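Nothing fancy with the numbering, it's 1 onward along the sequence. These numbers were taken from a predicted model, which means no experiment stands behind them.
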Amino acid sequence: MYFTGNRIGEALAYQWKDFNFERRYFLVYKSLTIEYDFDENGNTIGRGKTIVKTPKTENGIRPLPLLDILYEVLYE
């Protein structure tokens, strides 16, 4: 995933259904993030909640090419 231009949250949110091995691309349409609750003093409460949601902007939803090296590793 290093050379694809993915953000860390996007890469962590992938599932197998996001990859199209026939056409050699994968779709970016979600991102993993951690949201925290805060008390009245601005301190975090608890450890935070892991949430999968859409990217911040509409341009964040995009297909990316499945590079040869990535295709080989994932296809196995």
> How far apart are the C-alpha atoms of R47 and I34, what are their side-chain angles, what is the distance that settles it, and do they pass the side-chain contact (heavy atoms from CB on, under 4.5 Å) test?
Replying inline: CA-CA 9 Å; R47 302 181 86 185; I34 299 175; over 6 Å; no

>> Give me the atom names and distance for the closest heavy-atom approach of G9 to S31.
In response: C-OG, 3.5 Å

> Could you state the interatomic distance from CD1 (I45) to CD (E40), rounded to the nearest 0.5 Å?
Replying inline: 7.5 Å

> Using 30° and 60° as the class limits, which term best fits the ring planes of Y36 and F38: parallel, tilted or perpendicular?
Replying inline: tilted

> According to a 4.5 Å side-chain heavy-atom criterion applied to Ile, Leu, Val, Met, Phe, Trp and Tyr, with indirect links allowed, do I51 and L32 form part of one hydrophobic cluster?
Replying inline: no

>> Which label fits Y75 and Y71: parallel for a plane angle under 30°, tilted from 30 to 60°, or perpendicular past 60°?
In response: parallel

>> Measuring from atom CG of L66 to atom CZ of R23, what distance do you get when rounded to the nearest 0.5 angstrom?
In response: 13.5 Å

> How about I8: does its CD1 atom have over 12 heavy atoms from other parts shown lying under 6.0 Å from it?
Replying inline: no

> How long is the span from the CG atom in L67 to the CD atom in E72, to the nearest 0.5 Å?
Replying inline: 11.0 Å

>> Applying the side-chain contact (heavy atoms from CB on, under 4.5 Å) criterion to L74, which one of F26, F21, Y14 satisfies it?
In response: F21

> Mind checking whether W16 and L70 sit in one hydrophobic cluster, side chains of I, L, V, M, F, W, Y counted as touching below 4.5 Å?
Replying inline: yes

> CD of E35 to OG1 of T44: how many Å apart, nearest 0.5 Å?
Replying inline: 14.0 Å

> Got more than 12 heavy atoms from elsewhere within 6.0 Å of CD, Q15?
Replying inline: yes

>> Nearest 0.5 Å, please: how far is CZ in R7 from NZ in K56?
In response: 8.0 Å

>> Could you report the tightest heavy-atom contact between K30 and A13, atom names first, then the distance?
In response: CE-O, 2.9 Å

> Any donor and acceptor pair, going by atom type alone, linking the side chain of D39 with main-chain N or O of N41 inside 3.5 Å?
Replying inline: yes

>> Using 0.5 Å steps for rounding, measure from the CG atom of L64 to the CG atom of D18.
In response: 11.5 Å

> G60 and V28: which non-hydrogen atoms are nearest, and at how many Å?
Replying inline: O-CG1, 3.5 Å

